[in-house]
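Please read these numbers as outputs of a predicted model, since none were measured by experiment. The basis for the numbers below is simple: all heavy atoms, side chains too, and nothing from hydrogens, waters or symmetry mates.
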Amino acid sequence: MVWVPSFMEAEKLDAIIARIEHKSRKIESLLKQSKPVEALKTALEGSPPNTKDERCKSANWIVVHRALMAIKDLDGMFSYLDPEYYDILMKYLYRGLATGDRPTCDQCLKIHEKLTERAGLGCILRALADTVNTV
């Protein structure tokens with residue numbers, strides 16, 4: 001049997017997509033202002049979307065991916081990125097690695113190395129063990 005969202009669920013999904021689109025515009029603006037860390041913080045805020053809908057997760061991944069790929073100074077990034085973002089960032093790094101795209105994987109591995117140095121192995125374990133908040 002195919003799952004068909006109800007009217008209320010469809011409205012909720014539309015609202016989530018609208019928030020992601022708004023977030024995307026804000027990130028593009030920050031990137032144009034050469035503020036990649038602020039763009040990454042914005043991308044990670046409210047992530048993952050509170051839904052199991054793959055459209056929403058994919059749309060949010062695209063936004064996070066755009067911000068991740070703009071990061072050039074990893075040490076500078078961690079100077080300004082609050083520890084509250086570490087676990088969700090780790091989840092998105094694993095999603096990036098799962099794409100198999102060479103530039104994305106290279107960037108994710110660089111960030112993963114620095115994040116593990118900064119946050120420790122617990123960050124990896126929390127990201128892998130959390131099956132509720134999937135990205």
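- Evaluation of the salt bridge (charged side-chain N to carboxylate O under 4.0 Å, His left out) rule for R55 yields D53 as partners, not counting sequence neighbours.
- Sorted by first and then second residue, the salt bridge (charged side-chain N to carboxylate O under 4.0 Å, His left out) pairs involving residues 16-27 (not counting sequence neighbours) form an empty list.
- A chain of hydrophobic side-chain contacts below 4.5 Å, direct or via other Ile, Leu, Val, Met, Phe, Trp or Tyr residues, connects Y80 to M90.
- For D130, the salt bridge (charged side-chain N to carboxylate O under 4.0 Å, His left out) partners two or more places apart in sequence, or in a different chain, are K91.
- Connection of I27 to L68 is not established within any shared hydrophobic cluster, with ILVMFWY side chains joined at heavy-atom distances below 4.5 Å, either directly or through further cluster members.
- Under the side-chain contact (heavy atoms from CB on, under 4.5 Å) criterion, P103 pairs with M69, D101, not counting sequence neighbours.
- Counting only distance, with no hydrogens or angles, the side chain of Q107 and the backbone of L93 share no donor-acceptor pair below 3.5 Å.
- For E38, the side-chain contact (heavy atoms from CB on, under 4.5 Å) partners at least two apart in sequence or on another chain are L30, K35, K41.
- Put simply, the side chain of V135 does not reach to within 4.5 Å of the side chain of N60, judged on heavy atoms.
- Clustering ILVMFWY residues whenever any of their side-chain heavy atoms sit less than 4.5 angstrom apart, transitively, puts L74 in the very cluster that holds V64.
- Closest heavy-atom contact between C123 and A119: CB-CB, 3.7 Å.
- For E28, the salt bridge (charged side-chain N to carboxylate O under 4.0 Å, His left out) test picks out R66, with sequence neighbours left out.
- Grouping the Ile, Leu, Val, Met, Phe, Trp and Tyr side chains by contacts below 4.5 angstrom, directly or via other members, places L97 with L128.
- Criterion: ILVMFWY side-chain heavy atoms under 4.5 Å apart, direct or through other members. Under it, L109 and L115 are part of a common hydrophobic cluster.
- Every residue was checked against the ring pair (Phe, Tyr, Trp, His ring centres under 6.0 Å) condition with Y85, not counting sequence neighbours, and none meets it.
- D106 pairs by the salt bridge (charged side-chain N to carboxylate O under 4.0 Å, His left out) definition with R102, not counting sequence neighbours.
- Nearest heavy-atom pair, C108 versus G96, reported as atom, atom and distance to 0.1 Å: SG-CA, 3.8 Å.
- The shortest non-hydrogen separation linking C56 to I20 is O-CD1, 3.4 Å.
- The ring-ring contact (aromatic ring centres under 6.0 Å, His included) contacts involving residues 38-74 comprise W61-H65, where partners must be two or more places apart or lie in separate chains.
- The stretch residues 111-122 participates, sequence neighbours left out, in these salt bridge (charged side-chain N to carboxylate O under 4.0 Å, His left out) pairs: D75-K114.
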List the steps, then state whether side chain to side chain contact (heavy atoms under 4.5 Å, CB included) holds for L81 with L89. CA-CA 10 Å; L81 191 65; L89 175 58; 3.8 Å; yes
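- Applying the ring-ring contact (aromatic ring centres under 6.0 Å, His included) test to pairs two or more places apart or on separate chains, those with a residue in residues 106-125 are Y94-H112.
- At least one side-chain heavy atom of L40 sits less than 4.5 Å from a side-chain heavy atom of M77.
- Put simply, the side chain of V63 does not reach to within 4.5 Å of the side chain of T42, judged on heavy atoms.
- For the pair A127 and D87, the tightest heavy-atom approach, listed with the atom from each and the gap, is CB-O, 4.2 Å.
- Every residue meeting the side-chain contact (heavy atoms from CB on, under 4.5 Å) condition with T134, not counting sequence neighbours, appears here in chain and number order: K57.
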